[in-house]
Amino acid sequence: FIGASGSNNSVLVSGTNVLWNIGSQSLRIGQGVGGVGNRLLIDGQGVVGGAMVTNVAALTVGTNGGYSVMTVTNGGRLRTTAKSYIGGASRGNTALITGAGSRWDVGSVGLTVGSSASATGNTLRVDGAGAVVTNVNPLLVGYGSGANENLLLITNGGALYVNGNDLIIGYDSCTNTVIVTGPGSLLASTNSTAPQLSVGDVSGVPVRPGNLLRVEDGGVVSNLNLWV
């Protein structure tokens, strides 16, 4: 844990050929209700072979404690192997992947931004040319009744790749948003058969209002079947 029950704890993984191997254990940033404002920074310092955190099972940014932040920057790398959550049961958490060479390999498993009734206002931001989140299967932005006002923002040439099942904006939840903005910014599937991109409409689940997909200013959504 980074902040099991305490606030404002930080871990920095930085430099050339620096490796933190979690050993197939879960990593939770802000575990308890009191675990507010905790941070993990993975900084590659702009060099080849920059810092890496790897072999992470379930990753949660903000399990029960809100306003935690994970940043992968300057060519830092993160590899997870089990379902990951930005906002497990808390609000205001952020994951930021930014800068050339910065990469989060999700490991062909699920990634959820806002995962319960109390998980509101959580953000995943992929920012800048060469910043990539990849191997997501599936991607959910706002999962479950009350998981509202969560955001996926792909901007300034960042990219996110789904490689399996569907992408859902607002699964039984309201006012969740995906924005793809700026030249080179991309949300795409790597499948040979395009999966479904659902905006607030999922078979067998009540339709909730106010969910949004916004593509603007040169952003691109590719190889996804839109269902609104």
Side-chain angles (χ1 to χ4, degrees), residues 1-15 18-45 50-99 102-104 106 109-128 131 133 139-153 155 173-177:
F1 304 114
I2 301 173
S5 58
S7 298
N8 300 314
N9 301 284
S10 298
V11 171
L12 170 63
V13 184
S14 179
V18 173
L19 176 68
W20 182 14
N21 188 329
I22 302 294
S24 298
Q25 301 297 307
S26 297
L27 177 58
R28 297 173 183 173
I29 306 168
Q31 167 64 13
V33 173
V36 176
N38 297 286
R39 295 176 179 270
L40 169 63
L41 173 60
I42 307 169
D43 186 351
Q45 295 188 342
M52 174 185 287
V53 176
T54 190
N55 207 12
V56 182
L59 169 69
T60 306
V61 182
T63 306
N64 296 293
Y67 305 101
S68 291
V69 178
M70 179 188 75
T71 303
V72 182
T73 188
N74 294 327
R77 296 164 292 161
L78 170 66
R79 292 180 181 172
T80 52
T81 60
K83 291 181 180 179
S84 295
Y85 303 90
I86 313 304
S90 63
R91 65 175 60 224
N93 303 284
T94 300
L96 172 63
I97 316 302
T98 181
S102 299
R103 183 180 180 90
W104 180 4
V106 178
V109 292
L111 173 58
T112 302
V113 184
S115 181
S116 73
S118 53
T120 62
N122 300 287
T123 300
L124 169 60
R125 179 169 179 168
V126 190
D127 186 2
V133 176
L139 174 64
L140 308 173
V141 181
Y143 181 77
S145 179
N148 305 327
E149 300 179 359
N150 298 289
L151 172 66
L152 166 62
L153 175 60
T155 186
S173 57
C174 307
T175 57
N176 299 285
T177 302

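What you see is a predicted model; the values in this text were computed from it and never measured. The figures here come from the full heavy-atom set of this structure, side chains too, leaving out hydrogens, waters and symmetry mates.
With Thr80 contributing its side chain and Ala57 its backbone, the two residues share no donor-acceptor pair below 3.5 Å. Counting only distance, with no hydrogens or angles, the side chain of Asn93 and the backbone of Ser68 share a donor-acceptor pair below 3.5 Å. Of the possible donor and acceptor atoms, none in the side chain of Ser5 sits under 3.5 Å from a partner among the backbone N and O of Gly32. A donor-acceptor pair under 3.5 Å is formed between the side chain of Ser173 and the backbone N or O of Gly142. In terms of modelled atom types and a separation under 3.5 Å, the side chain of Ser118 and the main chain of Ala89 share a donor-acceptor contact.
Among Asn150, Leu151, Asn148, the one residue that satisfies the side-chain contact (heavy atoms from CB on, under 4.5 Å) test with Thr175 is Asn148. Shown are Leu152, Val141, Val61; of these, the side-chain contact (heavy atoms from CB on, under 4.5 Å) with Leu124 is made only by Leu152.
When all heavy atoms of Gly88 and Ser116 are compared, the pair lying nearest together is O-OG, 3.1 Å. Minimum heavy-atom separation, Ser90 to Gly62: OG-O, 2.9 Å. A pairwise comparison of heavy atoms in Val13 and Met52 identifies CG1-O, 4.3 Å as the closest pair. Here the closest non-hydrogen pair linking Lys83 and Val109 is N-CG2, 3.9 Å. Summarising the geometry of Gly114 relative to Ala147, their closest heavy-atom pair is O-CB, 3.7 Å, with the distance given to 0.1 Å. Here the closest heavy-atom approach between residue Arg28 and residue Thr63 is recorded as CB-OG1, 3.6 Å.
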*Before giving the answer on side-chain contact (heavy atoms from CB on, under 4.5 Å), spell out for Leu111 and Ser84 the whole-Å C-alpha distance, their side-chain angles and the decisive distance to 0.1 Å.*
CA-CA 5 Å; Leu111 173 58; Ser84 295; 3.9 Å; yes
_Pair Leu139, Val106 - check side-chain contact (heavy atoms from CB on, under 4.5 Å), show working._
CA-CA 10 Å; Leu139 174 64; Val106 178; over 6 Å; no
*Go through the steps to decide whether Arg125 and Thr155 satisfy the test side-chain contact (heavy atoms from CB on, under 4.5 Å), and finish with yes or no.*
CA-CA 8 Å; Arg125 179 169 179 168; Thr155 186; 3.7 Å; yes
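Annotation: side chain of Leu78 is in contact with side chain of Leu59 (closest heavy-atom distance under 4.5 Å). Side-chain contact between Trp104 and Arg79 is absent, with no heavy-atom pair separated by less than 4.5 Å.
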Exercise answer: donor-acceptor pairs, residues 37-44 side-chain atoms, under 3.5 Å, sequence neighbours excluded:
{"residue": "Asn38", "atom": "OD1", "partner": "Asn8", "partner atom": "N", "Å": "3.4"}
{"residue": "Asn38", "atom": "OD1", "partner": "Asn9", "partner atom": "N", "Å": "2.8"}
{"residue": "Asn38", "atom": "OD1", "partner": "Asn9", "partner atom": "ND2", "Å": "2.9"}
{"residue": "Asn38", "atom": "ND2", "partner": "Gly6", "partner atom": "O", "Å": "3.2"}
{"residue": "Asn38", "atom": "ND2", "partner": "Gly35", "partner atom": "O", "Å": "3.1"}
{"residue": "Asp43", "atom": "OD1", "partner": "Gln45", "partner atom": "N", "Å": "2.8"}
{"residue": "Asp43", "atom": "OD1", "partner": "Asn74", "partner atom": "ND2", "Å": "3.0"}

Do any side-chain atoms of residues 19-27 form donor-acceptor pairs under 3.5 angstrom with protein atoms, and if so which ones, sequence neighbours left out?
{"residue": "Asn21", "atom": "OD1", "partner": "Gly23", "partner atom": "N", "Å": "2.9"}
{"residue": "Asn21", "atom": "OD1", "partner": "Asn55", "partner atom": "ND2", "Å": "3.2"}
{"residue": "Ser24", "atom": "OG", "partner": "Asn55", "partner atom": "OD1", "Å": "3.1"}

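Here the OG1-CG distance, from Thr123 to Leu96, works out to 10.0 Å after rounding to the nearest 0.5 Å.
Side-chain atoms of Glu149 and Thr120 include no donor-acceptor pair closer than 3.5 Å.
In this view, Ser102 and Val72, Ile97 satisfy the side-chain contact (heavy atoms from CB on, under 4.5 Å) rule, not counting sequence neighbours.
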